[in-house]
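Notes for the one structure printed next.
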Amino acid sequence: MKRRDFIEIAAAGAAGLAGGSTMFGAESDVAALARPQLLDILRDEDLVCDLGRRYRETVPAEDNADVLAHAIVGGSAAMPQASLCARIAEQVRRDFAHGRTVTLNGWVLAATEARQCALLSLSPA
Amino acid sequence: MHIDARTLDPGTLIEGDLCIIGAGAAGISMAMDWTASGRKVILLEGGGFNVEAQMQALYHGESLDRPYYPLRSATLHYFGGTTGHWSGFCSPLDPIDFEKRDWVPHSGWPITRPQLDPFYARANQYLELGPYEYDPAYWEKHDADVRRLPLDSRTFYPKMWQFSPPTRMGTVYRDPILKAPNIHLYTYARVVEIVPTEAVTAIDSLRAMTIDGKVHRVRARQYVLACGAIHNARLLLASNRRATRGLGNDHDLVGRYFMEHFEVIAAQVAFEKPHPFKLYTFPAAGRVRARAELALMGDVQRQHRILNGTAAFYGGPLTGKEQSRFASFSADAEANVKQRQAPRTSTGSSPPPPQVVYRMFTRQEQAPNPESRIVLSAEKDELGMPRADLRWRFTPLDKRSIRVFYELLGREMGRAGLGRVQLMDWLVDGDDAWPDHLSGGWHHMGTTRMHEDPKQGVVDADCKVHGIANLFVAGAAVYPTGGAVNPTLTLVAVALRLSDHLRTKVA
């Protein structure tokens, strides 16, 4: 399974987690769950996946796609009209603002984006 | 006027109103301040007008606990002192640096930043800097291309620096001093002992020795010790014939609290897109030169109970091959000076293009630590004076402060949507491990610290050695804490403040 396929499946799973509510917009928005903004900054998918693996090792209770997706979605449920992508970006910003960060391989990451990395890393290379 | 002490008859008595021991940044600034005073000022310099291996050998010592620059070349033993190889970085200490911080043991100056501001302004002139303006808004106002990163101003701010040409004091102030009829500069007059009165309540005289073994005697009404933090302590400790623990050392403080600045690559930052970086890049030569480094607001330091530090942007990512300057800095002082004083091949007339990844260079104060100290060696130099060895020791707060700085920067870069920060492995590890690429700034501070209580400081707020009526210390040796900035601007300011104080003593 390609990583891109996996992202779509994971996104669909996340949509399922929402119980088909209007919480999620288009599938392309939902795919944002497993596409951290960090990819645009680090420009290295393998590196981002490695950070995700480190997160799963550090937090074994979240070493599961459903759990990760739920943890990410759960934090952005309050803004039904906005795109999920924008909601996640705001959630990441708030994580940073409130000190909800994790340090993986030295990178200071928002808790939300660390989970996104973890979700991405669950995809076969 | 200038007198080569080697040409004097042995046993010559040199007398004056004020004697300044050491012609470096502090000593020359003070002497310049007295050129029109009408008072006879004796300025004693151990070396000559050029760096010489034979004189530098007198500075040899060992770093006993961890790597450091070769002590024989870290400071310079000639007219002009270490300004002969300094880089010219200047910025004043922050107000918080003067405060007693309950999370920084032994912190607190007996003077405040506002008290020092007038002297900073004068020091700015001696060091050939621009206006006494260190508010970033001033520099932004004067150059539309100078813009700060959009970080939360309650957390981070651009700490401004100005850059001296750098002023080589031995060159710039040589003629004014030699032409001043009241300034009597003695070269090759190395003070090897400060001789107190029998009761050890005042200084009676000095023993000055030439490299060829002649001994002269120097007497003045007031004495100022301005040999740098290592050799001030060394001379006080070695002057132990009447005060067996050394002069000013009744409470075992002389030589202790040696501080440096931690200068080390600690992190990298990846921006999502390039940003204008003129404010943060090394400035162009040939005009007033200034740039900023990132610094934490005092309130944030208080909140997180950390030391003061700054971060500079170096273009390009971490290489994994970061190196310490301790190993690469030559023990050959003449070669170092030659290299530092060579004309620069690049004018730096235009800032480098913005990049998206930068290494972060930390400059941070060291917490005052009584176990970090200068000690006398059992070995003696060519003039029979005990050598000074260094025990440079750290505390957990030192490293924790660097880590918290970058954690906060990581949060703020993320919150602002600018990018992400990666701490280097050594920083993520525990608080005791330091990387091999750690460097210092050649900044020696704190060995005769300032405190109103003789049990907590060697000198008082006027820089007078406690218990000794006419002995003062000038230079960074008196700093109780070192702040996050290079010490030269402050040490000249403190010396000029002492200079004003001494006018009342010598009037």
Side-chain angles (χ1 to χ4, degrees), chain A residues 32 34-55 57-59 72 75-76 79 82-121, chain B residues 150-156 264-275 294 300 303-304 311 316-320 322 355-360 362 399-400 402-430 433 435:
Chain A
R35 196 194 184 287
Q37 185 197 7
L38 197 61
L39 279 169
D40 298 329
I41 298 171
L42 300 185
R43 299 176 174 85
D44 184 338
E45 190 166 310
D46 290 340
L47 173 58
V48 172
C49 282
D50 179 62
L51 296 175
R53 280 190 290 275
R54 288 170 187 262
Y55 180 81
E57 289 169 9
T58 306
V59 189
I72 297 167
S76 62
M79 302 170 64
S83 72
L84 185 57
C85 186
R87 274 185 277 168
I88 289 177
E90 175 60 15
Q91 191 170 310
V92 166
R93 192 194 68 77
R94 287 185 183 181
D95 280 352
F96 278 120
H98 292 97
R100 291 190 295 266
T101 57
V102 293
T103 303
L104 300 173
N105 192 27
W107 288 100
V108 181
L109 304 178
T112 296
E113 70 181 348
R115 291 182 173 119
Q116 290 180 282
C117 295
L119 202 51
L120 181 65
S121 74
Chain B
L151 299 171
D152 184 350
S153 61
R154 294 166 300 182
T155 305
F156 283 96
V264 62
I265 299 290
Q268 66 179 347
V269 55
F271 285 88
E272 187 166 0
K273 60 184 180 183
H275 282 265
L294 291 179
V300 180
Q303 179 187 351
H304 292 277
L318 296 170
T319 63
E322 286 71 26
Q355 302 188 33
V356 290
V357 182
Y358 291 86
R359 288 160 289 151
M360 302 304 292
T362 289
K399 183 174 170 184
R400 185 177 77 80
I402 301 177
R403 183 172 63 245
V404 171
F405 182 103
Y406 285 104
E407 287 172 347
L408 292 171
L409 182 61
R411 290 183 198 175
E412 181 53 22
M413 291 288 291
R415 187 208 62 80
L418 292 174
R420 300 292 182 270
V421 171
Q422 184 187 29
L423 284 62
M424 292 185 74
D425 287 346
W426 70 267
L427 200 51
V428 179
D429 295 339

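First the proteins, then the strands, lettered A, B, ... as listed; each starts at 1. In this text, all values refer to a predicted model and were calculated from it rather than measured experimentally.
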Portion of A:R43 that has a non-hydrogen atom of chain B nearer than 4.5 angstrom: side chain

Under 4.5 Å from any heavy atom of chain B - which part of A:N105: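 Backbone plus side chain of A:N105, per the 4.5 Å heavy-atom cut-off to chain B.
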
Nearest non-hydrogen partners of [X] and [Y], listed with the distance:
| X | Y | value |
| --- | --- | --- |
| A:I41 | B:E272 | CG1-CB, 3.9 Å |
| A:W107 | B:A270 | CH2-CB, 4.1 Å |
| A:A97 | B:R415 | CB-CG, 3.8 Å |

Choice from A:V108, A:L109, A:L104 maximising heavy atom contacts with chain B below 4.5 Å: A:V108

Partner chain B: residue of A:A89, A:A110, A:G99 with the largest heavy-atom pair count (under 4.5 Å):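 Of A:A89, A:A110, A:G99, A:G99 has the most heavy-atom pairs under 4.5 Å with chain B.
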
Between CZ on residue B:R420 and CG on residue A:L42, distance to nearest 0.5 Å: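 CG of A:L42 is found 8.5 Å from CZ of B:R420.
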
Distance, nearest 0.5 Å, that separates CZ of B:R403 from OG1 of A:T103: 9.5 Å

B:V357 versus chain A, the contacting section by heavy-atom distance below 4.5 Å: neither

Interface residue of largest heavy-atom contact number with chain A, from B:V421, B:V356, B:V428, under 4.5 Å: B:V421

Choice from B:L409, B:L423, B:T155 maximising heavy atom contacts with chain A below 4.5 Å: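 If we count pairs closer than 4.5 Å to chain A, B:L423 comes out on top.
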
